[in-house]
Amino acid sequence: MNNQPAPTSPSPRKPPSAPASDSIEHFQPIYIGRQAASRRRGLGCFIWLLLIVAVFAGYFLTPTRTNILLLGIDRTPDGSALGRSDTNILISIIPLRPTVNMLSIPRDLWVNVPGVGENRINTAHFFAEANQEGSGPAAAVETVRLNFGLTVGYYARIRFDGFRNIVDAMGGVELNLDEPTAGLDAGRHVLNGDQALAFARSRAGADDFYRMAHGQLLLKAAFRQMLLPRSWPKIPAMYIALSQSVDTNLPVFLWPRLGLALLRAGPDGIDSRTLTRDHVTPWTTSGGANVLIPNWDAINPLLLELFGE
């Protein structure tokens, strides 16, 4: 007989007690929900940043064309805009490239004026203003659209007397002439308001083609001058003079976009043209007026080059 004692069931083992240093009070809580929310906020901020960048890129770089008709109004009765548009400059801007083109149209160009019939192109503004105050720019724009086949959405109108004040606010405008013109010798000239207006209106050379060239010279010279740091302190005075002399339907939200395009192109990057003697035929009306008949076969290729898509 086996005298060994029967085996007994082992007593259940108690798990070792955790050291005091490992007590649950010493563990840091993990907030999974808050971390996920933080990641979502970070992703949301990134998406908003991308959207803002995309909006700004689209605003400044969308390859759309903006056409503007710049009108210079001759002497008008005090307090009115009843005058002819003796300066007519089509400006086309594509900010993405950037493209800045200008085309001056002779004031004596004989065209179809809506509601009037055949007449000089500069009369469209006058007849409309005489009929209804404030309608002149729209009538001038419609006349250009009808005859030139261009979409022109905006205008800027400046009175010649106001132009004189703008130049004076700038402290004068500096011209560098390669050859004598309008009574000025070749070389550097600083013109005050009265002198600049006389230069812009001069038709030395017997016709309006010189006058158009003078107007473009002044515009480029003024642009070049305002890029100089020494001219920047005069900006407030210029702004006041501009606001008193220029009216436009160009929306404020487009100003930065077009302004950036002008800065990128610079004065030397502006393609400035005029309708020349090759684009017109001199003609005398039955009433004895000397006008210019447009030669559309010569004009249309130029329009396509400057304003084509």
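Residues take their numbers from the sequence shown, with the count starting at 1. In this text the structure is predicted, and so the values were computed from the model without any measurement.
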Let me know which of R224, H189, R188 forms a side chain to side chain donor-acceptor pair (under 3.5 Å) with E174.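 Passing option: R188.
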Hey, what do you get for [atom1] ([X]) to [atom2] ([Y]), rounding to the nearest 0.5 Å?
X	Y	atom1	atom2	value
L70	M102	CG	CE	9.0 Å
L197	I166	CG	CD1	11.0 Å
L303	H279	CG	NE2	8.5 Å
D168	D194	CG	CG	7.0 Å
N131	F126	CG	CZ	11.5 Å
T143	L69	OG1	CG	9.5 Å

Can you find a heavy atom in the side chain of [X] that is under 4.5 Å from one in the side chain of [Y]?
X	Y	result
L219	I89	yes
H125	I73	yes
F163	V167	yes
F199	L175	yes
D271	R273	yes
N112	N119	no
L262	L258	no
K220	I270	yes

[X] side chain to [Y] backbone, donor-acceptor under 3.5 Å:
X	Y	answer
N88	L71	no
D208	R211	no
T276	D278	yes
W232	M226	yes
W110	I121	no

Does any donor atom in the side chain of [X] or [Y] lie under 3.5 Å from an acceptor atom in the other side chain?
X	Y	result
T64	R257	yes
S92	R65	yes
T284	N290	yes

Can you hop from [X] to [Y] via hydrophobic side chains spaced under 4.5 Å?
X	Y	value
L302	W296	yes
V291	V116	no
I105	L146	no
I293	F209	no

When you look at E129 and R84, which way does the salt bridge (Lys or Arg N to Asp or Glu O under 4.0 Å) test go after all the steps? CA-CA 9 Å; E129 284 289 334; R84 292 173 173 80; over 6 Å; no
Can V280 and L109 be said to form a side-chain contact (heavy atoms from CB on, under 4.5 Å), step by step? CA-CA 8 Å; V280 298; L109 196 69; 3.7 Å; yes
Should T66 and Y154 be marked as a side-chain contact (heavy atoms from CB on, under 4.5 Å) after you check the CA-CA gap, both sets of side-chain angles, and the distance that decides it? CA-CA 8 Å; T66 300; Y154 306 108; 3.8 Å; yes
Under a 4.0 Å N-O cut-off, is there an ion pair linking R201 with D74? yes
